[in-house]
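Here is the structure we will look at.
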Amino acid sequence: MKRIAIFVSGNGTNLQRIAEYFKGNPEVEIVNVVCNNPKAYAIERAKHLGIPVRMVNKQEFNSTAFTQEMADLQLDFIVLAGFLWKIPESLIQVYPKKIINIHPALLPKYGGKGFYGEHVHEAVVAAKEAYSGITIHYVNEIYDSGEIIFQAKVALTSDETPDSVAAKIHLLEQANFPVIIEMLLKQ
Ligand code: GAR
């Protein structure tokens, strides 16, 4: 049995997709959802999916007690699915190459602090990029700079808006994120 925790801050569409993808798979269990935002719709989704939610505030998140709590869960992977806080070094040390993130752009472009969600798509449109895409990568101590596992790109037209780019990116995420997680679990 492979044990996963999914960290979320927002809508939770990736959480939902991953949970549905692995539903009924006897080899994969989503042990819990960790959420830092009491207003996140992802909380509702997790409840509907029957996955326990662990709410966390910033002080707690960066404490050794929280790292120990995650260590005790004996996870095979931590999946960041729209999670916006930096992961403490202590947690990375407990789970080296076991924490993965999805970023809604073709890293190293449009990455780093402040580049998340719609801000990424706004910058991509402002720069009139011909392509955008997704990057799935390992998490290290520096925002959005861990080793890249997978990228997929999509062509943009000259009249894209941040919303239209977001829609294209979400489709890429939905199609690819669970498949890549499954591949990593099998390695
Ligand atoms: C996703 O597009 C994900 O790539 C992005 O946040 C969105 C979360 O959507 N992540 C980042 O920007 C990380 N820097 P969701 O909550 O509906 O899954």
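All ligand and atom numbering here is 1-based and tracks the order in the structure. Count residues from 1 along the sequence.
Both tests pass for Lys153 against the ring of Tyr131: distance under 6.0 Å to the centre and angle within 45° of the axis.
Between the side chains of Ser9 and Asn37, not a single donor N or O lies within less than 3.5 Å of an accepting N or O. A donor-acceptor pair shorter than 3.5 Å cannot be found between the side chains of Thr13 and Asn11. Checking Glu60 against Ser63 by side-chain atom types alone, no donor-acceptor pair falls below 3.5 Å.
Atoms of ligand 1 found under 4.0 Å from any heavy atom of His170 (numbered from 1 in listed order, with element): 2 (O), 9 (O).
At a 4.0 Å cut-off, at least one heavy atom of Ile102 sits close enough to ligand 1 to count as contact. Ligand 1 is approached by Phe115 to a heavy-atom distance shorter than 4.0 Å.
Looking only at protein heavy atoms, the nearest one to atom 3 (C) of ligand 1 is Glu173 OE2, 3.3 Å. What sits closest to atom 14 (N) of ligand 1 on the protein, heavy atoms only, is His103 ND1, 3.3 Å. When hydrogens are left out, the protein atom nearest atom 8 (C) of ligand 1 is Gly82 CA, 3.6 Å; that is the closest non-hydrogen contact. With hydrogens left out, the protein atom closest to atom 11 (C) of ligand 1 is Pro104 CD, 3.5 Å, a heavy atom.
Comparing Asp144, Thr13, Ile136, Val8 against atom 17 (O) of ligand 1, the shortest heavy-atom distance belongs to Thr13. Taking only non-hydrogen atoms, the option from Ala105, Gly12, Ala42 nearest to atom 16 (O) of ligand 1 is Gly12.
Side chain of Asn25 to main chain of Tyr21: no donor-acceptor pair is present (N/O by atom type, distance under 3.5 Å, no hydrogens or angles).
Across all their heavy atoms, Ile134 and Glu173 have their closest contact at CG2-CG, 3.6 Å.
For Phe177 and Phe150, the ring centers sit 6.0 Å or farther from each other.
Inclusion of Gly117 in the set of residues having an N or O under 3.5 Å from an N or O of ligand 1 is warranted. The N/O atoms of Asn14, backbone and side chain alike, include one that comes under 3.5 Å of an N/O atom in ligand 1.
Under a cut-off of 6.0 angstrom, the local environment of OH in Tyr116 is sparse, with at most 12 non-hydrogen atoms contributed by other residues, nucleotides or ligands.
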